[in-house]
S.K.: 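Structure provided below as C-alpha cells; questions to follow.
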4 protein chains.
Amino acid sequence: MQRTNAHAWKRLSKGEHEGIWPDGVAPKSAHDGSSNPRADLAVEAHELAGGGDIPGVDVETWTEEGITVTRMHVHDEQAARRMGKEPGRYSTLEVPGLRKRDPDLQERVSQRMAEELSRFLELPETESALVVGLGNWNVTADSLGPLVVDKLFVTRHLFHHIPDIMGDGYRSVSAVAPGVLGITGIETMEIVRGIVGHVKPKLLVAVDALASRSTKRVNTTIQISDTGIHPGSGVGNRRKGLTRATLGVPVVAIGVPTVVEATTIIQDALDYLLHQLAKGVSEQVRHVFNTVDVAEKRRWITEILDPLGDNLVVTPKEIDAFVEDAAHIVATGLNVALHPAITLEDAALFTH
Amino acid sequence: MQRTNAHAWKRLSKGEHEGIWPDGVAPKSAHDGSSNPRADLAVEAHELAGGGDIPGVDVETWTEEGITVTRMHVHDEQAARRMGKEPGRYSTLEVPGLRKRDPDLQERVSQRMAEELSRFLELPETESALVVGLGNWNVTADSLGPLVVDKLFVTRHLFHHIPDIMGDGYRSVSAVAPGVLGITGIETMEIVRGIVGHVKPKLLVAVDALASRSTKRVNTTIQISDTGIHPGSGVGNRRKGLTRATLGVPVVAIGVPTVVEATTIIQDALDYLLHQLAKGVSEQVRHVFNTVDVAEKRRWITEILDPLGDNLVVTPKEIDAFVEDAAHIVATGLNVALHPAITLEDAALFTH
Amino acid sequence: MQRTNAHAWKRLSKGEHEGIWPDGVAPKSAHDGSSNPRADLAVEAHELAGGGDIPGVDVETWTEEGITVTRMHVHDEQAARRMGKEPGRYSTLEVPGLRKRDPDLQERVSQRMAEELSRFLELPETESALVVGLGNWNVTADSLGPLVVDKLFVTRHLFHHIPDIMGDGYRSVSAVAPGVLGITGIETMEIVRGIVGHVKPKLLVAVDALASRSTKRVNTTIQISDTGIHPGSGVGNRRKGLTRATLGVPVVAIGVPTVVEATTIIQDALDYLLHQLAKGVSEQVRHVFNTVDVAEKRRWITEILDPLGDNLVVTPKEIDAFVEDAAHIVATGLNVALHPAITLEDAALFTH
Amino acid sequence: MQRTNAHAWKRLSKGEHEGIWPDGVAPKSAHDGSSNPRADLAVEAHELAGGGDIPGVDVETWTEEGITVTRMHVHDEQAARRMGKEPGRYSTLEVPGLRKRDPDLQERVSQRMAEELSRFLELPETESALVVGLGNWNVTADSLGPLVVDKLFVTRHLFHHIPDIMGDGYRSVSAVAPGVLGITGIETMEIVRGIVGHVKPKLLVAVDALASRSTKRVNTTIQISDTGIHPGSGVGNRRKGLTRATLGVPVVAIGVPTVVEATTIIQDALDYLLHQLAKGVSEQVRHVFNTVDVAEKRRWITEILDPLGDNLVVTPKEIDAFVEDAAHIVATGLNVALHPAITLEDAALFTH
C-alpha cells in the first residue's frame with residue numbers, strides 16, 4: 001500500500017463514525033434536503049409530521065416552573081411511519097433556562113428527570129441495570145455518554161463483594177463507555193452484546209448525544225424513551241441498534257441534543273425564507289417559489305456548506321461547559337432514579 | 001443582592017468574553033445583518049469589498065503544492081476603510097488539504113508558514129520575542145493561543161541562567177497565555193502591557209483563533225499580519241487592541257479561523273437564495289427580492305437562530321482534533337522561524 | 001549548536017521549574033539530608049524545631065469536628081531563624097477525614113477556611129483583591145493554583161462595566177495563573193509584578209501546591225499565612241518571592257501539600273529506623289548509630305533513589321482526584337471569604 | 001442505609017480498584033514486608049530470587065545503543081515458583097535515557113520494541129488481534145493502557161466495510177479500554193471475555209501500567225511476555241486473569257512501570273540501612289540487626305506511611321508527561337509490529 005493511502009486511512013480510522021467511509025462512498029445521508037428529514041427528538045418529529053392530532057399518537061404536554069414536559073405515545077407501526085419514530089413511549093423535558101447555567105434549576109431538572117425516568121423503569125428495585133454511555137470521549141459534541149458513565153454510582157461490584165453493607169433501596173448498577181467504531185474497530189452493538197451476555201442486566205439504559213433540528217433545544221432538552229437506540233440515531237451513526245429485540249432486555253434511551261447539523265439549519269433557513277417571500281405576493285409571483293424543487297435546494301445547501309457537508313454542526317461556542325452541565329444533570333437524575341434510597345442531595349455527592 | 005442575581009452573575013463571570021454582558025445590554029454586534037459585515041481574514045475582507053483591484057491595496061496570490069499563498073498590502077487609511085482592515089501587510093496560507101489530517105502536508109505548511117513569518121520578523125536574531133497566546137483554554141474553539149504557548153520552545157530563562165550553552169541561532173523567546181476577561185476579570189491588554197513592561201521584548205507575536213466567513217477556510221487557513229490585534233477581532237471580542245501603538249513594540253498577529261459564526265452562514269444562505277431565485281425571472285418578479293431590506297433579513301436570522309444568536313458557531317464536529325492540529329502546525333512554524341538554528345526536524349521535537 | 005543539545009534543551013525548557021538546570025549545575029537542594037531540612041508547613045517546621053515552647057513563637061491549637069486548627073505567630077527574626085519560617089502569622093487546618101472524599105466534610109472545611117482566612121483580610125470589603133494561582137497546569141501535583149483560579153468568582157470586570165448591578169457585599173476580585181518558568185521563560189515574580197502594577201489590587205492572595213514532610217498531611221491540610229511566598233517554597237522553586245516587600249501590597253499565601261518529596265520520606269525512614277534500633281540496646285552498641293553522619297545518610301538516600309533524586313515524590317495513586325477536591329475546597333473558601341454576601345450555598349454554584 | 005454510609009460508598013465506588021474494600025476488610029497485600037515481595041517485572045523477580053543461574057530459567061541480556069534487552073524464559077512450574085513469575089517468555093527493554101525525553105531515542109525504542117514484540121506474534125499477518133488497554137483513564141499513573149488504545153491504528157472495521165482498499169501487510173486490529181471495577185462495576189475479565197466472544201480475535205494484546213521495585217525503572221522499562229495478565233498484577237489488582245486459559249486465545253502482555261509502591265521503597269530503604277549498618281561492626285553488635293524480624297519491619301513501614309499504606313506511590317513529579325511519552329512509544333511499536341506494511345515513519349502519523 002502506498003504511504004499516501006496510509007494517511008488517508010489514518011483519517012478514516014480516527015475520530016467520528018462517518019469517518020470510516022472514504023470519499024465518494026459515504027452512505028446517502030438522511031439530511032439530504034429530501035422531503036423526509038430525520039429527527040432524533042420525538043417532539044421535533046411530531047412537528048415535522050405537522051403537529052396536532054396524528055392518528056395513533058397520543059401527546060400530552062404541560063409546563064411546570066420553567067420545565068415543559070411532553071409525553072408522547074406512538075401506538076403502532078402505522079403511526080410510527082407517520083411520525084418517523086419507532087413505536088413506543090417518549091418523554092421530553094424542554095428547559096430553555098438551562099442556558100443560564102443556574103444550578104438550582106439544574107437540580108430541579110435532575111429531580112424531574114428522575115421522576116419521569118421512573119415511569120420507564122418497570123422492574124423491581126432489586127433488579128440490576130447496565131448503563132451504556134455511547135459516543136466518543138475525544139469529540140466534545142459526542143462525549144455526553146462517556147461523561148455520564150464517569151459520574152454514576154456503580155454498585156454491582158459492591159453487591160458481589162460486600163453484600164452485607166448494601167441496604168434496601170440500592171440497585172445493582174454497572175456502566176460502560178464502549179467508544180466508537182473509529183477508535184475500537186468494533187461495532188458498539190457487538191461490544192454491548194458481549195457485555196450484556198456476561199453481566200445479564202434486567203435493564204439497559206443507553207445515554208447518547210443527539211442532534212436537534214432547532215438551536216433552541218440544544219443542551220436544553222432531555223428525551224427518555226423505551227424504544228432503544230436505532231441505526232442513524234445519535235450525533236454519529238451507530239448503525240446497529242441497541243433494542244430489546246437485539247439484546248433481549250428492555251432498553252431505555254436517554255438523549256440530549258448537543259448540536260444542530262449545519263445542513264438542517266441551512267435547509268430551515270431556505271424554507272423559512274421561501275415562506276417569508278411567498279407571503280403577500282400575487283399568485284402569479286408565488287409560482288417562482290414553487291419551482292424550487294428538492295434537488296435544487298440540496299445543490300444550494302451543498303454550495304453553501306462546501307466542502308464539509310454532513311460533518312458541520314452548529315453549537316454554542318461554549319459547548320464544552322454545556323455538555324459538562326448536561327452530563328451532570330443526567331447522571332444525577334440517573335443516580336436518583338436507579339437507587340430509590342438516594343436523595344437528590346445524596347446524588348450530588350456522586351457526580352461532584 | 002438576591003441569590004438569583006448571583007446565579008446570573010455566575011453565568012456572566014465564566015466562559016467566554018461576551019458573557020460579561022447581561023441580557024439586553026450586549027454591544028451591537030458587527031454581525032447584525034447590516035451591509036458592512038466584518039471579516040477577520042484579509043482575503044475575505046477583500047472578497048467582501050468586491051475583490052479585484054482596490055485602490056491602495058496590493059494583492060499577490062499563487063498556489064504551490066496545495067498551499068495557496070496570498071500577500072496583501074493595505075497601503076493607507078483610505079484603502080483600509082474600503083477593505084475594512086487596518087493598514088499593513090497580510091499573508092495568508094489557504095490549505096484545503098489540511099482537512100485530511102495528513103502529517104506530511106502539515107509539516108510542509110509549518111515550513112511554509114515559517115518562511116512567510118520570517119518576512120515579518122524584521123529584527124536581528126539576537127533580539128527577544130514574547131509570544132502571547134490569546135483565548136480561553138476551556139473553550140475548544142477559542143483555545144488555539146494557549147495550546148500554541150504550551151508547544152513553544154521558550155528560551156528566555158536559559159539565556160538568563162545558562163547563557164554559555166546557548167549558541168548562535170537561538171533567540172530569547174518567552175510566552176504567556178493571559179486568559180480571557182471572564183476568567184481573570186482583567187482586560188487582556190492590561191495583563192500583556194504589564195508583562196511587556198517587565199520583559200521588554202523587541203517583538204510581540206500574538207496568536208489567536210479567528211472566525212471565518214466560509215466553512216471551507218475553517219481550520220485550513222493561517223493568516224499572518226503586522227497590524228496587531230484590534231478590538232472586535234478574535235472569536236471573542238478582546239476589546240482593547242494589542243498594537244505597536246498601545247504596546248510600543250511591533251506586533252505580529254497569527255490567526256487561524258476555527259469557526260464560522262452562525263449568523264454569517266445564515267446570512268450567506270439568505271443572500272445566496274435571493275441571488276438564485278432572482279436568476280432568470282422576469283424583471284417584474286425580481287422586484288420582490290429587492291424589497292427584502294437589511295432590517296428584514298436581520299429579523300429572519302434572529303428568528304432562525306433564536307435564542308442564542310451571536311454565540312452560535314458552525315464547526316466540524318471533530319473540532320477538538322482540528323484545533324490541536326492547527327496548534328501543532330503554528331507552534332512548529334513559530335519554533336522554526338524564531339530560532340534560525342532550529343530545523344523543521346528539530347522543531348517536531350518541541351511540539352511532540 | 002548540535003541537535004543533541006537541542007534535545008537536551010527541550011528537556012530543560014519543558015515541565016517543571018527545576019528543569020532549567022542542566023545536569024550538574026542544579027542548585028544544592030534544601031532536601032539534602034543536612035541537619036536543617038526545610039518545611040513548607042509551619043506546623044511541621046515547629047515539629048522540626050523540637051515542638052513545645054519556642055521563644056518568640058505563639059502556638060494555639062484545637063480540634064473541632066474533625067478539623068484541627070493551629071494558629072502560630074512567629075514574632076521576630078530570631079524566632080524565625082529558630083523555626084525556619086518567616087516572621088508572621090500562620091493558620092493551619094488539618095483534616096485527616098478529607099481522605100474519605102466526604103462532600104459534607106469538604107463543605108465544612110471550606111466554611112472553616114473562609115472564617116480563618118477572614119482573619120487575614122484586614123481590608124474593607126470594597127477593596128480589591130488579586131488571586132494568583134501558582135504552579136504548572138500540566139503537572140498534576142503542581143496544578144492546585146491554576147485549578148483554583150478556574151473556579152473563582154471574578155468580578156473586577158463586572159465592577160468596571162456594569163457597576164449598577166453589583167450590590168453590597170461583593171469585592172472586586174481578579175485572578176491569574178501565570179504558569180511556571182519552564183513554560184513561559186519568565187520568572188513568576190516578573191509576571192505578577194507587571195500585572196500588579198496595572199491592576200493595582202489592595203491585596204494579593206497566592207495559592208500554591210506545597211510539599212509536606214508527612215504523608216498523613218498530603219491533600220488533607222490547608223495553610224494560610226501573611227508571610228508571602230518565598231524562594232524555595234512550593235513544589236517547585238519559585239525563586240523570586242511574592243511578598244509585601246517586593247510587590248508593595250499585603251500578600252496572603254494559601255497552600256495545600258500535594259506530595260512528600262521522596263528524599264524526605266527516605267530520610268525520615270532512616271531516622272526512624274535508627275531511633276528504633278537504638279531503643280533498648282546497650283550503651284556500648286548504641287554508638288554504632290551515632291556514627292551515621294549526615295553525609296553518609298545523604299549518600300544512602302542518593303543510592304536508594306538514584307537516579308531521579310529531587311524530582312521523585314510520594315503521592316496517593318489517585319492524586320488527580322485529590323488535587324481536584326482540594327482546589328474545590330480552597331476556591332469555595334476563597335469565594336465565601338472574599339465576597340461577604342456569598343453564602344457557602346451560593347459559593348458551590350461558582351465552583352461546580 | 002445512612003447517608004454517612006452513602007458517603008463511604010462513594011469513596012468505595014470511585015477511583016482505583018482497591019477502593020472496593022471497606023476499611024478493615026482489604027485483602028492482605030503482597031507488599032506487607034513479608035519475605036516474599038511481589039515483582040511485576042521479570043528482571044526484578046529474577047534479582048529478588050538471587051539473580052545468577054536459577055534452574056529452569058534461561059536469561060540472556062545485552063545492551064545496544066542505550067537499550068538493555070533481557071530475554072528470560074521460565075521453563076516450568078518449579079522454576080516459576082522459584083522466580084515468583086508464571087512460566088513463559090519475558091522480554092524486557094531497559095532504557096535509562098528515556099528520562100531525558102529525547103524523541104530520537106523514543107523512536108529507536110519503539111522500533112526495538114516492535115522487533116522484540118514480533119517474536120511473540122506467532123500468527124500469520126492475516127490473523128486478527130484485539131488490543132486491551134487496562135487501567136483507569138482518570139488516574140494518571142494507571143492510564144497507560146487507555147492512552148495506548150487512543151493512539152492505535154485500528155482497522156477491523158475497515159476490513160469489514162471497505163476490504164478492497166486494504167492491501168497486503170495490514171492486519172485486522174481492534175482495541176478497547178474496558179475501564180476498572182470502580183468505574184464500571186464489572187470485572188475487567190468479564191468485559192474482555194464478552195468482547196472476545198464476539199470479536200473472536202486470534203491474539204489478545206493486553207497493555208497495562210506496572211509497579212517497579214526500583215525508581216530507576218519507572219517510565220524507562222517495557223516488558224513483553226506471553227504469560228498473560230494475572231491477578232495481583234498491574235498498578236491496581238485486576239483480580240481475574242487475562243490468559244490463554246481463561247480466554248481461549250494467546251495473550252501477549254505489554255507493561256510499563258509507572259510507579260514504585262511506597263511500601264516497597266521504604267522496605268528497601270530499611271533493608272539497605274540494616275545492610276549498611278551491619279558492615280564493619282563486630283559480630284557481637286551485628287546481632288542487633290538480626291533481631292529485626294519481618295513483623296517489626298512491617299510495623300515500622302506502617303508507622304512511616306500511615307495512614308495511606310498501599311495506595312501511596314513514588315513517581316517523578318512530571319508523571320503526566322512521562323506516561324504520555326510511554327504511551328506514544330508503546331503505541332508506535334504496536335502499530336509497526338501489528339501491521340508489517342507500516343514503517344516507523346508511517347507509525348508516527350497515527351500516534352501524533
Side-chain angles (χ1 to χ4, degrees), chain A residues 3-4 7-8 10-11 14-16 18-19 96 99-105 136 138-142 215-216 218 235-236 259-262 265-266 268-270 272-274 276-277 281 284-285 288-289 292 296 300-301 303-308 311-321, chain B residues 3-4 7-8 10-11 14-16 18-19 96 99-105 136 138-142 214-216 218 235-236 259-260 262 265-266 268-270 272-274 276-277 281 284-285 288-289 292 296 300-301 303-308 311-321:
Chain A
R3 184 159 175 222
T4 310
H7 295 177
K10 177 195 169 46
R11 178 172 51 94
K14 290 288 183 184
E16 255 312 276
E18 298 87 298
R99 196 81 71 197
K100 304 212 172 181
R101 310 193 63 195
D102 172 348
D104 284 345
L105 178 59
N136 186 343
N138 292 326
V139 172
T140 302
D142 202 25
T215 58
K216 77 180 182 213
V218 167
V235 171
V259 301
V260 175
E261 299 193 7
I265 215 165
I266 297 299
D268 286 356
L270 297 184
Y272 181 86
L273 177 59
L274 292 172
Q276 292 296 326
L277 291 174
V281 295
Q284 176 205 14
V285 174
V288 174
F289 308 115
V292 182
E296 199 155 359
W300 293 349
I301 292 171
E303 185 77 17
I304 293 164
L305 291 178
D306 173 82
L308 289 168
N311 268 338
L312 283 175
V313 292
V314 183
T315 72
K317 197 163 50 189
E318 303 84 350
I319 183 173
D320 311 73
Chain B
R3 186 163 173 216
T4 310
H7 295 176
K10 176 193 170 45
R11 178 172 52 96
K14 291 287 182 183
E16 255 312 273
E18 300 86 299
R99 194 83 67 194
K100 305 213 172 178
R101 311 193 61 195
D102 171 349
D104 284 345
L105 178 59
N136 185 344
N138 293 325
V139 173
T140 302
D142 202 25
S214 161
T215 57
K216 78 180 180 209
V218 168
V235 172
V259 300
V260 175
I265 213 165
I266 298 298
D268 286 357
L270 297 183
Y272 181 87
L273 177 59
L274 292 173
Q276 292 297 326
L277 291 175
V281 296
Q284 179 205 11
V285 174
V288 174
F289 309 115
V292 183
E296 201 154 359
W300 293 349
I301 293 171
E303 185 76 19
I304 292 164
L305 291 179
D306 174 82
L308 289 168
N311 269 338
L312 283 175
V313 293
V314 182
T315 71
K317 197 162 50 188
E318 302 83 353
I319 183 172
D320 311 72

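Labels below follow one simple rule: chain letters A, B, ... track the order of the sequence lines, proteins then strands, and each chain is numbered from 1.
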S.K.: Nearest 0.5 Å, please: how far is OH in A:Y272 from CG in B:L273?
M.R.: 13.5 Å
S.K.: For a quick test of reading the model, state the closest non-hydrogen atom pair linking A:V314 to B:A262 and the distance between them.
M.R.: CG1-CB, 4.2 Å
S.K.: Counting only heavy atoms closer than 4.5 Å, note whether B:A269 contacts chain A via side chain, backbone, both or neither.
M.R.: both
S.K.: Would you name the heavy atoms of B:T215 and A:L312 that are closest together and state the gap between them?
M.R.: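 The pair with the smallest heavy-atom distance is CG2-CD1, 3.5 Å.
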S.K.: Who wins among A:D268, A:L274, A:V260 for the most heavy-atom pairs under 4.5 Å with chain B?
M.R.: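 When all of A:D268, A:L274, A:V260 are compared, A:L274 has the most.
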S.K.: Please report the closest heavy-atom contact between A:E318 and B:N311, naming both atoms and the distance.
M.R.: OE2-ND2, 3.7 Å
S.K.: Please examine the side chains of B:T140 and A:I319, heavy atoms only from C-beta on, and report whether any two atoms are closer than 4.5 Å.
M.R.: no
S.K.: Using heavy-atom distances under 4.5 Å, tell me whether A:I265 contacts chain B through its side chain, its backbone, both, or neither.
M.R.: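 Both parts, backbone and side chain.
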S.K.: About how many Å separate OG of B:S214 and CG of A:L305, when rounded to the nearest 0.5 Å?
M.R.: 9.5 Å
